[in-house]
Visitor: 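Sending over a structure as structure tokens; questions will come in a sec.
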Amino acid sequence: MKYVSTRGQAPVLTFEQAMLTGLARDGGLYVPESWPTLSMEKIASFAGKPYEHVAFEVMKPFIGDTFTDAEFKDIIAKAYATFGHQARVPMVQLDANHYLLELFHGPTLAFKDVAMQLIGQMFEVALKRRGETVTIVGATSGDTGSAAMEAFKGLDAVNLFIMYPHGRVSDVQRRQMTTPSESNVHALAVDGDFDTCQGLLKDMFNDFDFRDGVKLAGVNSINWARVLAQVVYYFTSAVALGAPTRKVSFTVPTGNFGDIFAAYVAKRIGLPIDRLIIATNQNDILHRTLATGDHSKTGVTPSISPSMDIQVSSNFERLVFDLYDREGAAVNQLFEALKTDGSFTLSQGALTQLREEFDSGRCSEEETSATIKSYAARTGEVLCPHTAVGVKVAEQFLNEDTPMITLATAHPAKFPAAVKAATGIHPELPARMADLFERDERFTRVAGDLTAVTDLIKERVLT
Ligand SMILES: *Cc1c(COP(=O)(O)O)cnc(C)c1O
């Protein structure tokens with residue numbers, strides 16, 4: 001399997017190269033050259049199997065010969081051994097034909113652990129074999145950064161820098177990033193919002209001197225390997241509810257479009273999915289795009305679901321690439337316009353195709369709180385605010401024929417203030433991280449400016 005850039009101007013890479021590179025040199029994102037297919041028999045054979053078994057089978061066609069089968073099985077086993085639930089991603093029922101897929105049993109209590117734990121193990125094996133060291137820089141609205149810290153701390157071949165918007169992440173998120181004591185991980189509190197951080201990261205990748213000098217690698221959701229890891233749980237959950245003989249639908253609380261793009265990949269490679277529903281909070285660029293075809297940035301309004309406070313959904317570019325029949329030049333034009341003018345408009349053909357695959361909904365702050373409250377009362381399930389956005393939007397699409405699976409993207413204890421305000425309940429951290437608020441914090445405050453950040457990274461890595 002080879003990987004091509006969505007802008008069509010960067011070298012074609014292997015899985016290993018695409019994983020270690022992150023953003024393509026032409027500013028695009030790497031995607032598989034073609035979509036493999038899993039047969040109905042293969043999908044049916046997943047019934048009753050452990051998560052790790054399905055993970056191996058779903059990801060195998062994408063990794064080429066980067067790892068031997070034995071290596072890859074070992075990587076998967078190590079990645080998910082850190083999870084606090086034997087099923088890894090268990091499901092609970094919320095209502096008639098409405099299910100919640102709990103993706104928050106990893107070490108930092110958000111779904112990003114599912115991919116990040118795997119990537120940590122994959123990087124370690126690949127880099128050890130190459131005898132190389134890399135600098136990983138990530139931008140986070142909260143959950144990616146902590147997941148990366150947990151996945152990479154203590155590894156010899158990796159220096160990790162995580163940029164997060166100063167003052168705009170929850171206390172739990174911040175402490176998960178600032179309390180690991182390993183010297184190879186660095187938390188950077190950037191003055192700005194998430195889009196500032198993500199913009200800095202993109203600019204770093206486009207600064208080839210810096211990029212090559214520190215051997216820059218990325219693990220943001222632009223990294224293909226992360227998207228790939230997330231494809232797996234669409235299969236495990238759908239099969240548990242009767243796929244492939246029965247179709248299911250998914251509602252995905254969406255920010256950077258990584259998680260729902262993984263759902264689209266699952267569908268492309270053979271999983272019978274009926275509807276894919278994009279759920280946004282008040283930062284609703286994707287919902288507006290589906291309504292009118294107009295993809296325009298309006299600035300981020302902070303919400304109680306901060307991991308979705310995004311106006312530039314990076315992974316949307318991967319979908320646009322398919323919507324434009326994989327024409328790199330067309331994608332380049334659109335995303336250059338987004339950068340310079342703050343907007344682009346999808347062609348009628350692309351918009352029609354987008355609507356064939358996806359629906360969308362938006363959930364206000366009041367609706368988010370009300371949803372947390374009503375589900376706690378009616379079902380006993382305490383939802384995190386991101387999950388509540390998904391559940392609220394999913395309600396509009398429930399029917400008796402097709403099971404709806406809504407993704408529970410974080411544990412409520414990661415966002416205790418919002419949950420307490422809605423329900424009066426203070427959600428407790430699981431026992432394995434109960435001492436989080438007693439640990440020492442360590443972070444560096446830095447201006448939201450490219451030179452300030454790159455100088456700091458160079459100083460720590462190159463001296
Ligand atoms: C990252 C995140 C999201 C959004 O996922 P994307 O892949 O960026 O669309 C939703 N909920 C939580 C809790 C997250 O951490």
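Whatever order the structure lists them in is the order used to number ligands and atoms, beginning at 1.
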Visitor: What about the rings of F344 and H295, do their centers lie closer together than 6.0 Å?
Guide: yes
Visitor: Of the protein's non-hydrogen atoms, which lies at the shortest distance from atom 7 (O) of ligand 1, and what is that distance?
Guide: D259 N, 2.9 Å
Visitor: Do other residues, nucleotides or ligands put more than 12 heavy atoms under 6.0 Å from K267 NZ?
Guide: yes
Visitor: Taking 4.0 angstrom as the limit and counting only heavy atoms of G258, give me the atoms of ligand 1 inside it, by number and element.
Guide: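 In order of number, 6 (P), 7 (O), 9 (O).
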Visitor: To the nearest 0.5 Å, how far apart are CZ in R288 and OG in S296?
Guide: 5.0 Å
Visitor: Can you tell which of N315, T254, T409, T144 gets a heavy atom nearest to atom 12 (C) of ligand 1?
Guide: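 When every heavy atom of N315, T254, T409, T144 is considered, T409 comes closest to atom 12 (C) of ligand 1.
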Visitor: Judged by modelled atom types alone, do Y234 and D259 share a side-chain donor-acceptor pair under 3.5 Å?
Guide: yes
Visitor: Just heavy atoms, cut-off under 4.0 Å: does F257 contact ligand 1 by side chain, backbone, both, or neither?
Guide: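 Under 4.0 Å from ligand 1, F257 contributes backbone atoms alone.
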Visitor: Do the ring planes of F56 and F72 sit parallel (below 30°), tilted (30 to 60°) or perpendicular (above 60°)?
Guide: tilted
Visitor: A410 heavy atoms, cut-off 4.0 Å: which ligand 1 atoms fall inside?
Guide: 13 (C)
Visitor: Distance to 0.1 Å, residue and atom name: give those for the protein heavy atom nearest to atom 5 (O) of ligand 1.
Guide: F111 CZ, 3.5 Å
Visitor: I would like to know whether F358 and I260 meet side-chain contact (heavy atoms from CB on, under 4.5 Å); could you show each step before the answer?
Guide: CA-CA 10 Å; F358 296 90; I260 192 144; 3.8 Å; yes
Visitor: Fit a plane to each ring of F257 and F261, take the angle between them on a 0 to 90° scale, and name the class: parallel (under 30°), tilted (30 to 60°) or perpendicular (over 60°).
Guide: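 The arrangement is tilted - the two ring planes meet at 30° to 60°.
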Visitor: Which value, rounded to the nearest 0.5 Å, describes the distance between C197 atom SG and I162 atom CD1?
Guide: 10.0 Å
Visitor: Using a heavy-atom cut-off of under 4.0 Å, does the side chain or the backbone of K414 touch ligand 1, or both, or neither?
Guide: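 Neither; nothing of K414 gets under 4.0 Å from ligand 1.
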Visitor: Identify the closest protein heavy atom to atom 8 (O) of ligand 1: which residue and atom is it, and at what distance?
Guide: N256 N, 2.7 Å
Visitor: Is R439 salt-bridged to D435, cutoff N-O under 4.0 Å?
Guide: yes
Visitor: Would you say A110 has any N or O atom under 3.5 Å from an N or O of ligand 1, going by distance alone?
Guide: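 No, since none of the N or O atoms of A110 sits under 3.5 Å from an N or O of ligand 1.
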Visitor: Which of the numbered atoms in ligand 1 are under 4.0 angstrom from any heavy atom belonging to D143?
Guide: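 Checking each atom against D143, I get 12 (C), 13 (C), 14 (C), 15 (O).
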Visitor: When only distance counts, is H386 in polar contact with ligand 1, meaning an N/O pair under 3.5 Å?
Guide: no
Visitor: What residue and atom, counting heavy atoms only, is the protein's closest point to atom 1 (C) of ligand 1, and at what distance?
Guide: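 Ranked first by proximity to atom 1 (C) of ligand 1 is K112 NZ, 1.3 Å.
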Visitor: Taking a cutoff of less than 4.0 Å between a non-hydrogen atom of the residue and any ligand atom, is F104 in contact with ligand 1?
Guide: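 No heavy atom of F104 comes that close to ligand 1.
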Visitor: Among protein heavy atoms, which lies nearest atom 9 (O) of ligand 1, and at what distance?
Guide: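 Residue, atom and distance for the closest contact: G255 N, 2.8 Å.
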